[in-house]
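One structure is given below, encoded as structure tokens.
Side chains are part of it too, since the values below use all heavy atoms of this structure and drop only hydrogens, waters and symmetry mates. Because the structure is a prediction, the values reported are computed rather than measured. Lettering follows sequence order; numbering is per chain, from 1.
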2 protein chains.
Amino acid sequence: MPFDDIAAALRRAGHRVTPQRLAIIRTVLASEEHLTPGALYEKVRRMDPEIGEVTVYRTLNILSELGLVCMVHTGENAHSFVSRPPEHHDHLICSGCGKVINFTGCNIDALEKRLVSETGFTIEEHRLDLFGRCHECAAVTARG
Amino acid sequence: MPFDDIAAALRRAGHRVTPQRLAIIRTVLASEEHLTPGALYEKVRRMDPEIGEVTVYRTLNILSELGLVCMVHTGENAHSFVSRPPEHHDHLICSGCGKVINFTGCNIDALEKRLVSETGFTIEEHRLDLFGRCHECAAVTARG
DNA sequence: AGATAAATGAAAACGTTTGTCAATTATTGG
DNA sequence: CCAATAATTGACAAACGTTTTCATTTATCT
């Protein structure tokens, strides 16, 4: 999502567009990786040394609630946030070397439809992580 | 997974089988819901008032690493743990109230096959979490 | 039963997240 | 452009969740 769209959406939702918030948005957009609030704080600080960590938390919560950034539950003790990618993707993760491959076309629509009718849930999103071994790591493990 | 199997697996992995650990396992097995370490601690305490919260954390980490219990990432600030059903299952999680529903039949074999041939990965397992709103929470949020 | 290494529990350290509140500031309307 | 006002900020501290430390206890092996 482009910078200007995010700022506009913020204003449209009745929030003020402050320099701090713009700096946070820029930093999220500029990073390819998922960042925890703490890590993001360290990065934003270089642009605006006066910013407070609390402001980062508050802004991320707002952006996340408005769907302007993506909150990731990594299983670590802290959430991470990323800019929302143009299209949905999932992850294929090598347990050996940690390499991560993004892929599209998870194709779970039929499953979602089934669960909606079975449970009454409204399904908004999902996270699908596949764990395994890449070609190189599988070769290494085959020996012992 | 039955109580005795868990105890046996613990011992087989080189861990000791202590009364505290048995109490924790019993409590996890006796509960249908996902429990955070803190909540579990409160429950175990009623069986063994002398137990320490730290022991609950340590035991859950061990059981989780050995695949004897299931760790759930609900999006809250704390993890939850559940007894692991005998067969593979995935999770449907309500972003509103945190309720978790287990379901089977994720049926992603075709996807796995595709990724194996495309990437050369050996896929061992996966985790599929669906996020949405249960019937009650969807009603509450109905606004725009 | 005795030796030994693992496990326990209490306290404290640590990191993440939220609350409080006076001071600041983006926005609105004149 | 300026003043009014309500949202936002930042420092501090509190509230959690989780891990570390360490002396003491204890399950396990012989």
Side-chain angles (χ1 to χ4, degrees), chain A residues 4 6-27 34-66 68-69 71-81, chain B residues 4 6-27 34-66 68-69 71-81 95 98:
Chain A
D4 290 335
I6 297 181
L10 249 192
R11 183 174 281 118
R12 201 177 325 116
H15 295 282
R16 293 187 177 171
V17 177
T18 67
Q20 292 91 337
R21 287 177 177 172
L22 292 178
I24 291 167
I25 293 170
R26 273 196 202 92
T27 306
H34 300 213
L35 295 172
T36 63
L40 205 54
Y41 169 57
E42 290 303 328
K43 284 202 164 198
V44 179
R45 232 175 162 181
R46 294 179 210 143
M47 296 173 62
D48 178 358
E50 298 301 318
I51 202 169
E53 190 170 13
V54 191
T55 299
V56 176
Y57 274 94
R58 283 189 286 226
T59 300
L60 287 175
N61 284 339
I62 292 172
L63 294 175
S64 175
E65 272 170 26
L66 294 179
L68 304 174
V69 302
M71 192 198 222
V72 180
H73 318 303
T74 59
E76 302 301 308
N77 291 336
H79 302 141
S80 294
F81 296 82
Chain B
D4 290 335
I6 296 181
L10 249 192
R11 183 174 280 119
R12 203 177 323 117
H15 296 282
R16 293 185 179 172
V17 177
T18 66
Q20 292 91 338
R21 287 176 177 172
L22 293 178
I24 291 167
I25 293 169
R26 273 195 202 93
T27 307
H34 300 223
L35 296 172
T36 62
L40 205 55
Y41 170 57
E42 290 304 328
K43 286 204 162 195
V44 178
R45 232 175 163 180
R46 295 179 208 142
M47 297 173 61
D48 178 358
E50 298 301 319
I51 202 169
E53 190 169 14
V54 193
T55 300
V56 175
Y57 275 94
R58 282 188 288 226
T59 301
L60 286 175
N61 283 339
I62 292 172
L63 294 175
S64 176
E65 272 171 25
L66 295 178
L68 303 174
V69 301
M71 190 200 226
V72 181
H73 316 302
T74 58
E76 302 301 305
N77 292 338
H79 302 142
S80 295
F81 296 82
S95 314

Who are the side chain to side chain contact (heavy atoms under 4.5 Å, CB included) partners of B:Asn61, not counting sequence neighbours?
-> none

Numerically ordered, the residues 16-27 of chain B set in heavy-atom contact under 4.0 Å with DNA chain C is B:Arg16, B:Thr18, B:Gln20, B:Arg21

Quick one: closest heavy-atom pair of B:Val69 and B:Leu60, and the distance?
-> CG2-O, 4.3 Å

Could I get the full list of ring-ring contact (aromatic ring centres under 6.0 Å, His included) partners for A:His15, not counting sequence neighbours?
-> none

Interface residues of residues 37-52 of chain A with DNA chain D (non-hydrogen, below 4.0 angstrom) = A:Glu50, A:Ile51, A:Gly52

Partner set under side chain to side chain contact (heavy atoms under 4.5 Å, CB included) for B:Thr27, not counting sequence neighbours | B:Leu40, B:Lys43, B:Val44, B:Met47

Among all residues two or more places apart in sequence or in another chain, which pass the side chain to side chain contact (heavy atoms under 4.5 Å, CB included) test with B:Ala9?
-> B:Arg12, B:Leu68

Answer yes or no: is there a side-chain heavy-atom contact under 4.5 Å between A:Thr36 and A:Ser80?
-> yes

Within-4.5 Å side-chain heavy-atom neighbours: B:Ile62 and B:Arg21 = yes

Pairing residues for B:Arg45 by the salt bridge (charged side-chain N to carboxylate O under 4.0 Å, His left out) criterion, not counting sequence neighbours | B:Glu42

Length of the line joining B:His73:NE2 and D:dT18:C1', which is rounded to integer Å = 15 Å

List for me each residue that meets side chain to side chain contact (heavy atoms under 4.5 Å, CB included) alongside A:Asn77, sequence neighbours excluded, and say none if there are none.
-> B:His79

Between which nucleotides of DNA chain C, read 5' to 3', does contact with chain B run, using atoms under 4.0 Å from its heavy atoms?
-> C:dA5 to C:dT17

The answer to which of B:Arg11 and B:His79 contacts DNA chain D further toward the 5' end, by nearest nucleotide, is B:His79

For A:Leu22 against A:Ala7, the heavy-atom pair lying closest together | CD2-CB, 4.2 Å

From A:Leu10 atom CG to A:Leu63 atom CG, the distance as rounded to the nearest 0.5 Å | 5.5 Å

Quick one: which protein N/O atoms are closer than 3.5 Å to N/O atoms of nucleotides 19-21 of chain D? Pair and distance per line, please.
unit_1	atom_1	unit_2	atom_2	d
D:dT19	OP2	B:Asn61	ND2	3.4

Net bend of the helix from C:dA1-D:dT30 to C:dG30-D:dC1, end axes of five pairs each, nearest 10 degrees | 50°

Using atom types as modelled, flag every donor-acceptor pair under 3.5 Å from a side chain in residues 50-59 of chain A to any protein atom, sequence neighbours excluded.
unit_1	atom_1	unit_2	atom_2	d
A:Thr59	OG1	A:Thr55	O	2.8

